Amino acid sequence: MWWKWSLFVAMGLVIVFSFTTPAPQQQIGEASRVFYYHIPQAWICVLAFMMSMIFSIRYLKNRSMEEDDRASDAARLGFIFCILATVTGSIFAKVTWGSFWNWDPRETSIFILLLIYGAYFALRGAIEVEERRAALSAVYSIFAFITVPFLIFVIPRITPSLHPEDSIVDENLKFTMGPVVRTIFFASLALFSVIYFWMFTLARRVRILERKGMEIEE
Amino acid sequence: MPQSSFGLISKAAAVYAKDLRLELRTKYALNAILMFGITTLTVVSFSVGQSGLPPKLLSALFWIVMFFSAMSGLAQVFIREEEAGTALAMKLTADPDAIYWGKLGFNLTLLSIMTVIITPIFFVFTDAPTDNVLLFVLVLFLGMLGLCGATTIIAAIIARASVKGALFAVLSFPLLLPLLLVLVKATERVLLGVSFSSIAIELQFLVAFAVVMVVGSVMLFKFVWLD
């Protein structure tokens, strides 16, 4: 219980400091505060989809329904954070580039990610037999993941990106953030991760209860 | 399972020959693909006319027609087995690799026939420049390989789902998007009349995409087929 309260306090502090300290990127100005939320969301989205794929591989190896539950829970949470990252990014784009959506490489790749996992849920909805649903959706998510490197290769060739990278790393991949910005940013990243794992365990507990409920009915 | 490569090839050839014979009896998939392609081509031709469209637009229209025509028929190879109830017999008699290669070959044949018929009609209807035919054919061929490599396993997946209709295009589209973007780009350059070396990177991408998709499918196919 104590860690939930400390999470509450720490997240509150991050929110307060993210708005009261000077903006992290001087050229972009106030809008760059989105950086404290948008990047952790995108990070959770990638983390969750990775976890989903690993659980899918494990399902195909040992055929335990628990792994399939984990894979779909992780994908669902990843999808939520993916939408959040898309929306915050789009608002940021409106403020700094002048339009909500202009097929910037980052926008294209996150859009395709949403499409892939949208298709994944459509597939899950279309199969009634539990084992079959688990196996087929596992194969689809692994197969979809194989195409990601091609995406990374293709997209930058179509249009140059306006996505600001220099607020995190410079050309030599060294951190460019000042100490204050860095502290808030990494605190936000860590806290978002804790929230994600909390949501994930909650989803797990709901699943276990559902399965128990089904057993009692039978 | 241990098996000589010769056995694999002859078994795959048997699966291929069986599918080809079945298709020639009904011509169901082929008719669906061709009629879809011709219908969309007609719409394109009527709506934008023959007035020399820019290559960018031409190549995009061409690949939209190709993609959706392919989507209308490629799923048949596996749906047919499920509907006729012959999937179980196939599982007992042939190993998954042979079935995958046979089905891939069949889909490739289907798409080749479609390409041979649709492409000339496209050129006639839209009056696109034909100076660079050899390069165009090369891009087309590599595109077909990638398209088949990625969609054959998706066809196997949706054949086992209870709702089949639109699911095939929904599942295939995100995987094929990088391929389509490169194909549109490469075709545009070809229509503009560039040389082989200036689209070498695109061609490399097309080869790599097809190879990765086929290898990935071979590794994952048995999980779909024998669930």
Side-chain angles (χ1 to χ4, degrees), chain A residues 49 53 56-63 65 67-68 79 82 103 105 107-159, chain B residues 78 82 146 149-186 188-189 199 201-202 204-227:
Chain A
F49 287 152
M53 199 201 49
S56 296
I57 295 172
R58 279 174 40 177
Y59 174 79
L60 290 181
K61 270 192 175 158
N62 62 23
R63 301 277 167 174
M65 286 314 292
E67 301 290 357
D68 178 58
F79 199 69
C82 199
W103 295 112
E107 288 175 338
T108 311
S109 44
I110 206 161
F111 178 75
I112 294 174
L113 213 54
L114 284 172
L115 273 186
I116 289 177
Y117 281 90
Y120 173 83
F121 296 123
L123 177 65
R124 290 190 74 87
I127 309 169
E128 276 134 33
V129 186
E130 216 177 25
E131 283 81 14
R132 186 179 289 178
R133 174 171 63 216
L136 296 184
S137 53
V139 168
Y140 183 71
S141 76
I142 297 167
F143 200 66
F145 220 84
I146 303 176
T147 57
V148 170
F150 289 103
L151 225 58
I152 294 166
F153 172 83
V154 174
I155 305 296
R157 282 169 182 279
I158 296 169
T159 41
Chain B
F78 285 104
E82 293 291 330
T151 52
T152 302
I153 192 166
I154 305 291
I157 289 176
I158 66 130
R160 326 252 16 227
S162 44
V163 191
K164 296 182 181 73
L167 206 53
F168 187 51
V170 168
L171 292 187
S172 304
F173 181 65
L175 304 185
L176 289 178
L177 202 56
L179 177 76
L180 287 173
L181 292 175
V182 170
L183 282 173
V184 169
K185 198 97 187 150
E188 180 199 337
R189 313 267 305 272
I199 59 162
I201 291 176
E202 276 85 357
Q204 280 169 13
F205 171 90
L206 293 176
V207 173
F209 186 86
V211 170
V212 168
M213 287 298 123
V214 171
V215 171
S217 301
V218 170
M219 284 165 68
L220 291 169
F221 182 71
K222 61 175 180 292
F223 295 112
V224 177
W225 185 240
L226 305 171
D227 68 346

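By convention in this document, chain letters (A, B, ...) are assigned in the order of the sequence lines, proteins followed by strands, and residues within each chain are numbered from 1. Just so it is clear, the model here is predicted, and its values are computed rather than measured.
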State, to 0.1 Å, how close [X] and [Y] come at their nearest heavy-atom pair, and which atoms those are.
X         : Y         : result
Val170(B) : Ala122(A) : CG1-CB, 4.5 Å
Met213(B) : Ile146(A) : CE-CG2, 4.3 Å
Phe143(A) : Ala150(B) : CE2-O, 3.6 Å

Practice task
Could you have a look at Ala126(A), Gly118(A), Ala119(A) and say which one has the most heavy-atom pairs with chain B under 4.5 angstrom?
Solution key: Ala126(A)
Completion exercise
Okay, Arg63(A) and chain B: the region with an atom under 4.5 Å from a heavy atom over there is side chain
Problem - Region of Ala144(A) that comes under 4.5 Å of a non-hydrogen atom in chain B - result: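 For Ala144(A), backbone and side chain are both near chain B.
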Problem - Pairwise side-chain contact, Val212(B) with Phe150(A), heavy-atom cut-off 4.5 Å (strictly under) - result: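 Yes. Closest side-chain heavy atoms under 4.5 Å.
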Relative to chain A, which segment of [X] carries a heavy atom at a distance below 4.5 Å: side chain, backbone, both, or neither?
X         : answer
Ala156(B) : neither
Phe173(B) : side chain
Leu176(B) : neither

Handout entry: Distance (rounded to the nearest 0.5 Å) between Ile127(A) CD1 and Ile158(B) CD1
Key =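 Between atom CD1 of Ile127(A) and atom CD1 of Ile158(B) there are 10.0 Å.
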Problem - From OH (Tyr140(A)) to CD1 (Ile153(B)), nearest 0.5 Å - result: 11.5 Å
Problem - Flag, side chain of Arg132(A) to backbone of Arg160(B), donor-acceptor distance under 3.5 Å - result: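 Indeed, once roles are kept as given, a pair shorter than 3.5 Å links the two residues.
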Problem - When Ile157(B), Leu177(B), Leu171(B), Leu179(B) are compared by non-hydrogen pairs under 4.5 Å with chain A, the top option - result: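 Option with the top pair count is Leu171(B).
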Practice task
For Met219(B), look at atom CE and say whether over 12 heavy atoms of other residues, nucleotides or ligands are found less than 6.0 Å away.
Solution key: no
